[in-house]
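All ligand and atom numbering here is 1-based and tracks the order in the structure. Computed over heavy atoms, backbone and side chain alike; hydrogens, waters and symmetry mates excluded.
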Amino acid sequence: MTHSFFGGVYPATRKGSTRRKPLAPLSSPPEEVVLPLVMCADGPSVPLVKAGDRVRLGQPVARRGGDGGAALHASVSGRVVAVGDRPHPWGGSSPAVVIRSDGRDEPWEEGPQPLTMTEVSLTLLTQRVEEAGVVGMGGGCSPTWEKLDRAAGRVDTLIINAAECQPYVTADHRLLLERGKYILRGAELLSRCLGANRTVLVTEGDKLNAVESVERRRLVRGGTVRLCTVRTRYPLGAEKQIVQTVTGREVPPGGSPLDVKCAVFNVATVYAIQDAVFRGRALTHRAVTVTGGAVSRPRNLWVPIGTPLRALLEDCGGLREAVDLLLTNGPMMGLPVDTLDAPVIKDTNCLVCLTGLERRPEQSGSVCIRCGKCVAACPMHLAPAVARQALEQRDLARLAKLHLEDCISCGCCSYICPAQIPLVDRVRQARQALERGGFDA
Ligand code: SF4
Ligand code: SF4
């Protein structure tokens with residue numbers, strides 16, 4: 001039995017142009033990969049290489065820093081040509097390790113040995129995951145070893161999140177369909193190490209081929225992972241909403257799924273975890289959907305992390321129409337791309353190239369008609385219209401009472417607003433004002 005969560009919206013899925021396209025390697029490998037040292041929000045990684053060094057595929061090129069970050073590994077073999085500032089997909093630039101590929105993908109031979117299921121304890125799993133540089137690949141890029149460390153002894157339900165509720169994106173769908181047996185094995189590994197009483201793989205009912213394929217494998221394996229299909233509703237894939245859907249438990253404000261004895265791992269992260277443990281491989285590649293009405297040949301690609309977005313788009317035949325907006329990580333929660341020279345990082349699941357017709361216009365100056373739709377759609381029980389009004393009136397005291405720190409930036413409020421007010425931006429500005437303790441002059 002599944003439960004429901006409050007709010008949410010039903011955007012058109014727009015996945016038809018890529019959902020049947022298998023994950024494919026780039027037809028010509030990237031000449032250069034750019035590995036930003038800042039991939040985790042909690043701090044930068046520390047480089048282990050310098051310009052001129054020769055590196056092999058899977059070799060560590062940066063380690064976790066004192067404040068956070070994650071290990072980074074060469075995603076091609078070749079020569080380090082620079083450790084310096086390069087464009088970042090989050091905007092602006094950041095220090096990065098730049099590797100010129102030799103086109104040979106020679107593997108690093110000194111990596112850890114593969115382990116078997118029975119050899120792995122939670123301590124060993126955490127260590128392997130940290131060494132392999134595995135992070136949350138569904139967004140946020142937070143180090144997975146930290147999540148495992150915090151989860152020790154606190155979890156009764158493990159949720160494998162294959163709910164890809166953002167429009168256009170099909171990378172996780174293809175991963176589940178094509179590599180389901182590895183994902184099931186990874187789920188069993190996590191379940192065993194965390195001591196979960198139940199393990200549930202959650203996906204939407206519209207991924208029928210992936211659901212059938214996983215169910216077949218599950219029956220053959222006879223494992224403990226339960227499959228749960230739910231109706232698509234955005235933002236089902238957000239951690240708090242998926243916990244509520246599966247267990248009926250509500251994560252407290254400011255809390256995490258661990259507060260209600262749950263741990264949630266994205267399906268791509270589970271794939272990377274089992275790769276690190278059972279094959280001794282670091283996280284060097286990921287699935288990325290390149291799509292949108294402006295793209296000539298939308299596809300799902302399996303690419304080295306660090307590949308410039310431009311190379312992905314070229315592999316899909318470039319643009320067939322003028323592009324109005326470029327986004328990574330989906331149209332609802334994604335980030336606008338400043339430059340196609342920015343690389344794929346560990347949580348980049350898509351590059352969406354929207355035409356003017358596909359893009360819903362926003363009108364900053366438009367007038368609120370007090371319909372209340374934004375309040376009804378907000379899965380976090382917030383009042384975006386009130387936040388917008390308090391922001392315009394520069395009323396910090398009122399803003400402070402609205403619990404805006406709970407906003408998950410899902411974009412439901414902006415999507416549903418008939419006046420096309422960019423509410424998610426207004427809520428973000430209001431939160432910044434609260435953090436600063438005042439408004440911009
Ligand atoms: S206020 Fe935040 S959490 Fe609520 S709908 Fe808007 S973006 Fe989502
Ligand atoms: S959805 Fe838009 S128009 Fe309706 S109350 Fe919210 S801000 Fe106002």
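Without hydrogens or angle criteria, Glu358 side chain to Gly293 main chain gives a donor-acceptor distance under 3.5 Å. One N or O on the side chain of Lys147 and one on the backbone of Val264 form a donor-acceptor pair closer than 3.5 Å. Judged purely by atom type and a 3.5 angstrom limit, Arg286 uses its side chain to pair as donor or acceptor with the backbone of Lys346. Distance alone, capped at 3.5 Å, places no donor-acceptor pair between the Thr307 side chain and the Val303 backbone.
Scanning the protein heavy atoms around atom 4 (Fe) of ligand 1, the nearest turns out to be Cys378 SG, 2.4 Å. Atom 5 (S) of ligand 2 has its closest protein heavy atom at Gly372 N, 3.2 Å. The protein atom (non-hydrogen) at minimum distance from atom 2 (Fe) of ligand 1 is Cys407 SG, 2.4 Å. In this structure, the protein non-hydrogen atom closest to atom 6 (Fe) of ligand 2 is Cys374 SG, 2.4 Å. Scanning the protein for heavy atoms near atom 3 (S) of ligand 2, the closest one is Ile369 N, 3.4 Å.
Leu335 places none of its side-chain heavy atoms less than 4.5 Å from the side chain of Leu327.
Put simply, the residue from Ser75, Pro36, Pro304 that forms a side-chain contact (heavy atoms from CB on, under 4.5 Å) with Pro343 is Pro36. Partner of Tyr168 under the side-chain contact (heavy atoms from CB on, under 4.5 Å) criterion, chosen from Pro11, Pro331, Cys353: Pro331.
Of all the atoms in ligand 1, the ones that sit under 4.0 Å from a non-hydrogen atom of Gly411 are 7 (S), 8 (Fe). Heavy-atom contacts of Val424 reach the following atoms of ligand 1: 7 (S) (cutoff under 4.0 Å). Here is the list of ligand 1 atoms found below 4.0 Å of a heavy atom in Ile408: 3 (S). Interface atoms of ligand 1 facing Met380, defined by a heavy-atom separation under 4.0 Å, are 3 (S). Here is the list of ligand 2 atoms found below 4.0 Å of a heavy atom in Cys368: 3 (S), 5 (S), 7 (S), 8 (Fe). Ligand-side atoms of ligand 2 in range of Pro418: 1 (S), range being under 4.0 angstrom from any heavy atom. Each of the atoms 1 (S) of ligand 1 lies under 4.0 Å from some heavy atom of Pro384.
In Ala377, neither the side chain nor the backbone holds a heavy atom less than 4.0 Å from any atom of ligand 1. Contact annotation for Arg370 and ligand 2: only backbone heavy atoms (N, CA, C, O) come within less than 4.0 Å of the ligand.
The distance from atom 6 (Fe) of ligand 2 to the nearest N/O/S atom of Cys413 is not under 2.8 Å. Counting backbone and side-chain atoms alike, Cys371 contributes an N/O/S atom closer than 2.8 Å to atom 4 (Fe) of ligand 2.
Within 6.0 Å of CZ in Phe278 there are more than 12 heavy atoms belonging to other residues, nucleotides or ligands. Remark: His403 NE2 is loosely packed, at most 12 non-hydrogen atoms of other residues, nucleotides or ligands lying under 6.0 Å away.
Proximity of Ile416 to ligand 2 is not established, as no heavy-atom distance is less than 4.0 Å.
Counted by atom type alone, Gln420 and Tyr415 present zero donor-acceptor pairs between their side chains at under 3.5 Å.
With atom 8 (Fe) of ligand 1 as the reference point, the heavy atom nearest to it among Ser414, Cys417, Gly8, Cys410 is part of Cys410.
A distance of 14.0 Å separates CG of Leu148 from CZ of Arg128, quoted to the nearest 0.5 Å.
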